[in-house]
Every structure is written in structure tokens, then in C-alpha cells.
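Shown next, in C-alpha cells, is the structure this report addresses.
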Amino acid sequence: MGAHADATIPEMTRFAGKVALISGAASGIGAAVATRLEAEGATVVRSDVRDGGVDVICDVRDPESCAAAVAFVLERHGRMDVLANVAGIGVSRLIGELAPEEWREVIDVNLTGTFLLSQSALPALLDSKGVIVNMGSVAGLRATPYNAAYCASKGGVIMLTKSMAIELAKAGVRVNAVCPGSVDTPFLRNFQLPDGADMSLLARASSPMGRLIDPTEVAAAVAYLASDDAATVSGTTLVIDGAATA
């Protein structure tokens with residue numbers, strides 16, 4: 001990682017006394033978000049579909065699993081102030097070769113999972129006047145090839161975010177989305193293009209800054225949106241892409 005990722009987290013206590021649930025926290029962006037909020041004073045509950053040092057296993061595709069994860073938080077900490085929906089998957093296929101089950105799995109994790117965990121957490125967040133931060137993507141704002149399911153799911157996350165933000169505004173719950181470009185995570189490093197991919201179609205996704213985004217940079221944006229510094233920010237999409245969509 002470069003110098004941009006080596007800076008220490010500022011000494012802040014914006015989340016002192018707050019409790020946060022992070023999905024997809026076993027690695028990548030989710031792990032970085034958990035670390036950032038914890039460093040700023042939050043009590044963090046890490047969840048993931050696999051046991052990678054997390055506090056609670058949660059399959060966001062399953063309403064009962066989502067409800068159980070929220071119950072875990074409330075039983076141990078008595079409240080929830082922040083929900084960060086970071087869990088996500090992708091599959092790269094030519095549109096004519098994208099299997100229905102692959103389509104459903106991406107939509108189920110990225111979009112339906114965001115909805116289900118938010119729905120389960122909503123009563124607790126209404127009590128605390130809390131915050132939801134969803135993980136969108138620049139792929140939900142400007143399409144990339146060979147990613148139809150992922151683009152559709154992230155476009156859905158953005159509109160889900162906006163709809164929830166309007167509905168919950170008077171109740172005191174804020175809902176925002178972070179939309180990163182290419183982030184240096186295992187998700188990206190393990191990403192494989194399909195045979196016959198036209199590389200010229202991918203050029204539009206590159207960042208003019210000429211580098212990948214570090215997960216800590218995304219985590220900083222999540223922390224801002226989840227904090228009282230963003231007290232009047234709701235229904236927005238914060239794009240972090242090095243001017244790729246400018």
C-alpha cells in the first residue's frame with residue numbers, strides 16, 4: 001500500500017457510546033469499516049457469512065439470519081446506532097452466458113441482503129435515531145461490461161437507499177450509500193474476466209488518478225456518513241472513484 005493508506009486514523013471519538021453492526025466484516029471494505037468505527041470509539045459487532053474472526057455469522061440472504069444477527073447485537077449491547085451493509089459479491093459473465101442462478105445470487109446478496117438486514121435493524125435504529133450506510137458502487141451509476149447482475153444490484157442499492165431515506169427522514173433515521181470505484185480488496189484481486197472480453201470496453205472504468213482505492217479510504221467515508229458530522233446528510237451517494245465518473 002502507498003503512503004495514502006499508511007496514515008494513522010485521526011484521534012476522534014465520534015462514536016463513543018455507539019454500537020455498530022457491520023456486514024461483510026471478515027475482510028476487505030467491511031473489515032476496514034469495522035476497524036475505523038472501533039478506532040473512533042464505537043462498540044462494533046462484525047458479521048459475515050463465514051467465520052473469519054467475526055462476532056456473529058449472518059447470511060444476509062436469509063431473513064431469519066438477519067434477525068438473529070440484530071438480536072445478537074441487542075442482547076449483548078442493548079442498542080444499535082449504526083448499520084453498515086457492506087456484504088457483497090459479484091460474477092463476471094458475458095450477458096448471454098450469465099446463468100439465472102448466478103443472477104439471483106448476486107441480487108440476493110447485494111440488494112435483497114441490504115434490504116433484509118436493514119429491515120431487521122430498523123426497530124432498533126428508530127429507537128436510537130440511528131444511521132444506515134449502504135455499500136453501493138460506481139457500477140450502480142455507470143455500467144461496466146460483463147457485470148450485468150452486479151450493476152443491476154448496485155443500481156438497486158442506490159435507489160433503495162434514496163427511498164428509505166425519504167421514508168425515514170421524519171423518524172430521525174438517516175440512510176446513505178458509499179459508491180467506490182476499484183478498491184484493493186480480495187474481491188477485486190480474485191475477479192476474473194470472461195473469455196473473449198473486449199478490454200477496450202473496460203477503459204471507461206479506470207481512474208484518472210491511476211491507482212486503486214484503499215479500503216481505509218472507503219471506511220473513512222462510511223465513518224463520515226455515520227457520524228453526527230453528516231447530521232443533515234441523507235439519501236445521498238458519496239462517490240469515491242478518483243474522478244472515474246466525472
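What's counted below: heavy atoms across the whole structure, side chains too, no hydrogens, waters or symmetry copies. Residue numbers run from 1 in the order of the sequence given.
- Put simply, the side chain of Tyr150 never gets that close to the backbone of Gly88: no donor and acceptor are under 3.5 Å apart.
- Nearest heavy atoms, Ala226 versus Phe15: O-CE2, 3.5 Å.
- Counting heavy atoms from C-beta outward, Leu117 and Leu83 have side chains that approach closer than 4.5 Å.
- Atom CG of Asp195 has 12 or fewer heavy atoms from other residues, nucleotides or ligands within 6.0 Å.
- No donor-acceptor pair under 3.5 Å is formed between the side chain of Asp108 and the backbone N or O of Arg61.
- A donor-acceptor distance shorter than 3.5 angstrom exists from the side chain of Glu217 to the backbone of Asp214, with no hydrogens or angles considered.
- Grouping the Ile, Leu, Val, Met, Phe, Trp and Tyr side chains by contacts below 4.5 angstrom, directly or via other members, places Leu141 apart from Val183.
- For the pair Glu38 and Lys18, the salt-bridge criterion is not met [side-chain N within less than 4.0 Å of a carboxylate O].
- Looking at heavy atoms from C-beta onward, Ser23 lies out of side-chain contact with Arg46 at the 4.5 angstrom threshold.
- Distance check, rounded to the nearest 0.5 Å: CD1 of Ile132 to CE of Met164 gives 3.5 Å.
- With Asn176 contributing its side chain and Val233 its backbone, the two residues share a donor-acceptor pair below 3.5 Å.
- Checking Ser153 against Asn110 by side-chain atom types alone, a donor-acceptor pair falls below 3.5 Å.
- Under a hydrophobic clustering in which Ile, Leu, Val, Met, Phe, Trp and Tyr are joined whenever their side-chain heavy atoms come within less than 4.5 Å, directly or via other members, Leu116 and Val56 fall into the same cluster.
- Here the side chains of His77 and Thr43 are in contact, with some heavy-atom distance below 4.5 Å.
- Linking ILVMFWY residues whenever their side-chain heavy atoms come closer than 4.5 Å, directly or via other members, places Val60 and Leu122 in the same cluster.
- Between Arg14 and Asp228 there is no salt bridge, since none of the side-chain N atoms of the basic residue sits less than 4.0 Å from a carboxylate O of the acidic one.
- Met199 places a side-chain heavy atom less than 4.5 Å from the side chain of Leu193.
- When all heavy atoms of Glu40 and Arg36 are compared, the closest pair comes out as OE2-NE, 2.8 Å.
- For the pair Leu238 and Ala221, the tightest heavy-atom approach, listed with the atom from each and the gap, is CD2-CB, 3.7 Å.
- Closest heavy-atom contact between Met135 and Val222: CE-CG2, 4.1 Å.
- Note on Val49 and Val91: separate hydrophobic clusters, where clusters join Ile, Leu, Val, Met, Phe, Trp and Tyr whose side-chain heavy atoms are under 4.5 Å apart, directly or indirectly.
- Contact check for Leu111 versus Leu160: side-chain heavy atoms found under the 4.5 Å cut-off.
- No more than 12 heavy atoms of other residues, nucleotides or ligands shown are found within 6.0 angstrom of CD on Glu64.
- Remark: the backbone N or O of Val157 is not paired with any side-chain donor or acceptor of Thr114 at under 3.5 angstrom.
- Closest heavy-atom contact between Ser120 and Ala67: OG-N, 3.5 Å.
- Hydrophobic cluster membership for Val54: Ile57 (Ile, Leu, Val, Met, Phe, Trp, Tyr linked by side-chain heavy atoms under 4.5 Å, directly or transitively).
- At a threshold of 4.5 Å between non-hydrogen side-chain atoms, the residues Ile89 and Glu105 count as touching.
- In this structure a side-chain-to-backbone donor-acceptor pair under 3.5 Å is present from Asn147 to Pro145.
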Check against side-chain contact (heavy atoms from CB on, under 4.5 Å), Asp81 and Val131: CA-CA 6 Å; Asp81 303 278; Val131 184; over 6 Å; no
Test side-chain contact (heavy atoms from CB on, under 4.5 Å) applied to Val175 and Leu168, step by step: CA-CA 8 Å; Val175 189; Leu168 299 173; 4.1 Å; yes
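- For the pair Asn134 (side chain) and Thr161 (backbone), a donor-acceptor distance under 3.5 Å is absent.
- Note: the hydrophobic cluster containing Ile240 does not contain Val138 (ILVMFWY, side chain heavy atoms under 4.5 Å, direct or indirect links).
- Within the 4.5 Å cutoff, no side-chain heavy atoms of Val82 are placed close to those of Leu21.
- Side-chain N/O atoms of Thr236 and Arg174 include no donor and acceptor closer than 3.5 Å.
- Atom CE of Met209 is surrounded by 12 or fewer heavy atoms from other residues, nucleotides or ligands within 6.0 Å.
- The backbone N or O of Met159 sits nowhere less than 3.5 Å from a side-chain atom of Ser163 that would complete a donor-acceptor pair.
- Put simply, the side chain of Ile213 does not reach to within 4.5 Å of the side chain of Asp184, judged on heavy atoms.
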Step-by-step side-chain contact (heavy atoms from CB on, under 4.5 Å) determination, Ser27 to Arg50: CA-CA 10 Å; Ser27 64; Arg50 63 190 186 279; 3.1 Å; yes
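- Taking each heavy atom of Trp103 and Ala152 in turn, the nearest pair found is CH2-CB, 3.7 Å.
- The OG1 atom of Thr144 sits 12.0 Å away from atom NZ of Lys154, with the distance rounded to the nearest 0.5 Å.
- If you check the side chains of Asp241 and Ser207, you find no donor sitting under 3.5 Å from an acceptor.
- With hydrogens and angles disregarded, no donor-acceptor distance shorter than 3.5 Å links the side chain of Ser137 to the backbone of Cys179.
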From CA spacing to verdict: side-chain contact (heavy atoms from CB on, under 4.5 Å), Leu37, Ile22: CA-CA 10 Å; Leu37 296 187; Ile22 318 296; 3.8 Å; yes
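- Judged by distance alone, with hydrogens and angles left aside, the side-chain atoms of Ser47 form no donor-acceptor pair with the main-chain N or O of Cys58 at under 3.5 Å.
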